[in-house]
Amino acid sequence: MLDVRTKASLVVLFCVCGFTLPTPIQAGLILVVVFLPFLTSSFRFVSGRAATAYRKYFAYAFTLTTVLILLNGMLIQNGSIVQLPFGLHLYESGLLFGLRIAVRLLLLSLALLIFFLSTNIRSIAVELQRLGLPSQVILPSLLAFQFVDQLPIRIERIFAAQEARGAPVRSHMLKRIRSLFTILSPLVLESISESIERGTALELRGFRGTSHIAFQPSEERVTHPAVSIILLSVSLILVLWRIFQWLLGS
Amino acid sequence: MALGIVTDRFSFRYPGAQKDSLTAISLSIPPKSRCAILGPTSAGKTTFLHALAGSLGSHYPHGSSAGVITIGDVAHTPLPAQILFPTVSFLLQDPHVQMSGIYETVSEELHFSLSNAGIPIRLHEEHLDWVARIMNIHHLLHRNTSTLSGGELQRAALATVLVVRPQVLLFDEPTTSLDIPSQHNLARVMRAISSETTILFTDTSLDLAFLAADHFCVLHKSSLLFFGDRAAFLRELERFSDILPCHNWTAISRSIITHRDNRNGMRFARLLRLP
């Protein structure tokens with residue numbers, strides 16, 4: 001069973017790979033990350049809600065990456081032309097560029113998603129405290145994590161509200177993309193409003209910058225400092241290697 | 001020890017606003033009383049509570065204000081500039097935001113409030129026992145906050161501010177997510193704690209007010225229309241029929257006055273704590 005620090009180190013490594021390794025290797029890593037929750041208990045989802053969020057992520061990720069690739073194929077007009085039905089055509093260079101960006105984004109977002117869906121907030125808090133971070137840093141960080149945790153519920157609620165108003169939020173892909181805009185503005189507004197309310201409530205409960213927050217670890221976990229060091233060292237080597245390549249001009 | 005609250009011609013205008021959110025509010029709420037602040041939406045009820053809690057002065061230091069707010073023996077001219085927790089505790093309208101979200105159980109949330117109030121750890125269990133007994137939430141203490149129902153969450157949220165045993169307790173529209181039995185329960189809690197806490201709560205309806213309050217304040221369009229005790233409020237109830245849903249209550253009030261010599265009428269009046 002991996003501790004939070006080791007898991008975070010692995011996520012850092014995946015993120016570094018997303019910026020340093022060639023696209024085919026990144027695509028392979030995406031497959032590894034996709035199956036991580038089913039391969040090891042350390043990355044098992046913390047709740048049924050987390051598992052549902054993971055499934056839903058793929059629907060959104062597929063839509064967004066498809067749009068990203070098609071947009072690049074239309075806008076970057078270099079290379080050979082790829083003919084599509086109805087007289088439409090896209091450009092090969094744009095499509096490849098879009099694919100590279102999409103693979104990178106998928107790897108980064110999946111690695112972070114897997115970490116947060118398989119780690120409860122208390123474990124993160126305990127780890128941040130072990131690192132010696134002050135309360136005024138830990139609390140806002142945890143509130144941000146909690147916001148991410150609540151995001152699927154929020155989106156579902158706004159979906160239901162927009163659907164009740166006749167918005168085609170569960171229709172086919174193009175209509176979904178259009179309805180995305182009707183979801184985004186209430187999502188952003190609601191998030192801002194709730195953040196202010198939550199902050200006010202915390203203040204009214206006496207939380208100030210100097211307040212101390214204490215978390216007791218729910219269970220003692222075996223730590224793997226050597227594994228973390230190896231993972232972070234590999235990340236560092238990859239970054240240095242990429243900088244070296246850039247200096248050589250390749 | 002409950003504190004009295006006196007406001008003397010207190011006015012407030014948000015920065016950039018064209019008109020006052022509160023205009024010349026003068027009232028005197030005795031210690032240990034339970035005061036219902038009633039009025040339609042946008043009357044200034046929530047702003048008034050924020051002014052008493054200190055969050056208005058703290059969040060809007062450049063707001064235009066006048067008058068005096070006195071809480072206990074301390075006069076704030078014109079309003080408290082800092083949040084007065086734990087002397088004054090404030091329960092916001094949405095119980096979801098009352099939970100910090102970073103602690104898993106209700107018990108941990110209560111410890112968080114106690115730590116913020118600077119209450120020594122050795123006294124935490126005593127406070128927890130007290131609030132659990134008063135609120136009847138022993139069974140919720142070790143529950144995960146994300147698994148609580150709406151009514152349970154409302155009770156847990158109230159416990160997070162009550163656990164510090166404040167001298168003044170403010171509720172913003174506490175009946176929003178409460179069914180009728182829960183409102184009765186809340187009224188019972190208010191009566192139970194009023195020996196050591198002055199309570200102010202806002203509402204747009206009269207049901208909880210008649211169940212729990214002994215003083216009534218009616219705000220409309222930022223101004224104070226009425227402040228007085230239960231008997232005075234009942235006498236003038238019909239004045240507010242345009243801004244408060246009081247037609248049922250005026251009928252009940254008349255009926256009780258008509259049947260005051262009737263045993264059922266007397267029993268009903270006692271049940272509703274009518275004069």
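Letters A, B, ... mirror the listed sequences (proteins, then strands); counts begin at 1.
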Does a sphere of radius 6.0 Å around CZ in A:F43 hold more than 12 heavy atoms from other residues, nucleotides or ligands, not counting ones at 6.0 Å or beyond?
-> yes
Decide yes or no on side-chain contact (heavy atoms from CB on, under 4.5 Å) for A:R205 and B:Q98, but give the supporting numbers first.
-> CA-CA 9 Å; A:R205 284 175 67 193; B:Q98 198 70 33; 3.8 Å; yes
Examine whether an atom of B:H50 lies under 4.5 Å from a heavy atom of chain A, and if so say whether it belongs to the side chain, the backbone or both; otherwise answer neither.
-> side chain
Check whether any side-chain heavy atom of A:E194 sits under 4.5 Å from a side-chain heavy atom of B:H96, and report yes or no.
-> no
Decide yes or no for A:E203 and B:S58: does some side-chain heavy atom of the first lie under 4.5 Å from some side-chain heavy atom of the second?
-> yes
Quick one: are B:F90 and A:L204 in side-chain contact, heavy atoms under 4.5 Å?
-> yes
Should we count CG of A:L31 as having more than 12 external heavy atoms under 6.0 Å?
-> yes
The interface call for B:I83 against chain A, heavy-atom contacts under 4.5 Å, is both
Choice from B:A157, B:S113, B:G54, B:A53 maximising heavy atom contacts with chain A below 4.5 Å = B:S113
Contacting moiety of B:E109, where chain A heavy atoms sit under 4.5 Å | both
Crowding at NE2, B:H139 (>12 non-hydrogen neighbours, <6.0 Å) | yes
Which atom of B:V97 lies closest to which atom of A:A201, heavy atoms considered | O-CB, 3.3 Å
